[in-house]
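These notes are about the structure you will find just below.
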Amino acid sequence: MKKRIWTVLVLVLSMMLAACGTVKNGKPATEAVKLTADDQLYIGFVLDTLKDERWYKDKELFEEAVRSQGARVKTLAANGNDDVQLKQAELLIEEGVDVLVVVPHDAAFSAAIVELAHKADVKVISYDRLITNAPVDYYISFDNVKVGEVQAAEIVKQAPSGSIAYIGGAESDNNAILFRQGAMNVLKPLIDKGTIKLVYDQYTDGWDPKKAEANMKTALGKNGNKINAVVAANDGTAGGVINALSAAGLAGKVPVSGQDAELEGVRRVVAGTQSMTVYKPISLLATQAAEMAVKVAADKEINADQSINNGAADIPAVLLEPVAVTKDTIRTTVVKDGYLTEEQVYGK
Ligand code: BGC
């Protein structure tokens, strides 16, 4: 915030000079008042990727919410590349952002972003995914353990016994760890009782649907196609899993979870090849994060009701509620909120 203090000092000094009727640098001192306009807060948004449908929504909604508060925003996406993401953060810091909002590609690697930002007196907000082992200033996301819990709860409701496969997200993403943790909160007691058997348990590099498909093929191969249900961590991986099931003639016969309420995911729920998805109201996340970012940039107090230890410190956190969506609740959740339209989902 040193930069802002200087700006204010320059502004005050210039106004005093103007009051004395003096001229600064050969220009009328009233020019200095323009500093208020130039002083518009500047927010940098650094995304891991724009590959999954949801991140477009995050980008649009976040930018809109920042602009509606009169601040400036620039978004850069790193295509899943850590070095690119660090470079993009560096560029934005050099451009003079007042705060950096980061969706880290790799939870641990991105600690370097926090270090860089803090050296320049720029605060960092971890958006949706937590940066680990660095004193990041704030974290805003959904209750990601709960996401995993609602996924597994719906799957065991539909397939109360038998063999289950877990197809997770990217292990480098702290969320993927939390989703799995939540799923295991539900599955473990049933595994211990012997009601269900976890026959395959694999993270998916880079959240890549093709890799999820290959992993699901391996799972089916190893188990002679005898898999009764799949907890897949998001709609992307669920799509890969369902392709693999389809090739084995099992699509629609094996319950599969998902997350994100992506259009394709919700359409598969309607078609019956996917059993559920998790709706995370991105507009709430993006709007609240934008409000937080503008406040932090303006050095105002933030009320975070929770805190999460990320290995380096207790990080003030805001965690929003995820919502389970099945065939019966599509209209009363995602459609009702305008996240997807009736026409998009049902083609009417
Ligand atoms: C997000 C999910 C998303 C996944 C892949 C996770 O960190 O929370 O909503 O599906 O990344 O992009």
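Just follow the structure's listing: the first ligand is 1, and inside any ligand the first atom is 1. Residues take their numbers from the sequence shown, with the count starting at 1.
- Neither the backbone nor the side chain of Y127 comes within 4.0 Å of ligand 1, counting heavy atoms alone.
- Near D52, with a cut-off below 4.0 Å to any heavy atom, the atoms of ligand 1 are 5 (C), 12 (O).
- Defined by atom type and a distance below 3.5 Å, a donor-acceptor pair is missing between the side-chain atoms of T218 and N215.
- Under 4.0 Å from ligand 1, the heavy atoms of W55 that appear belong solely to its side chain.
- Residue contacts with ligand 1 for D128 involve side-chain atoms from C-beta outward but no N, CA, C or O (heavy atoms, distance under 4.0 Å).
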Given side-chain hydrogen bond (donor to acceptor under 3.5 Å, both in side chains), test Q274 with D235 step by step and report yes or no.
-> CA-CA 9 Å; Q274 188 173 320; D235 287 345; 2.9 Å; yes
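- When V278, D260, V103 are ranked by how near their heavy atoms come to atom 10 (O) of ligand 1, first place goes to D260.
- Annotation: side chain of E321 is in contact with side chain of K146 (closest heavy-atom distance under 4.5 Å).
- Counting heavy atoms from C-beta on, the side chains of K87 and V84 never come closer than 4.5 Å.
- Scanning D235, L50, L285, D173 for the heavy atom closest to atom 6 (C) of ligand 1 points to D173.
- The side-chain hydrogen bond (donor to acceptor under 3.5 Å, both in side chains) pairs that include a residue from residues 221-230 number zero, where partners must be two or more places apart or lie in different chains.
- At least one heavy atom of K280 sits closer than 4.0 Å to an atom of ligand 1.
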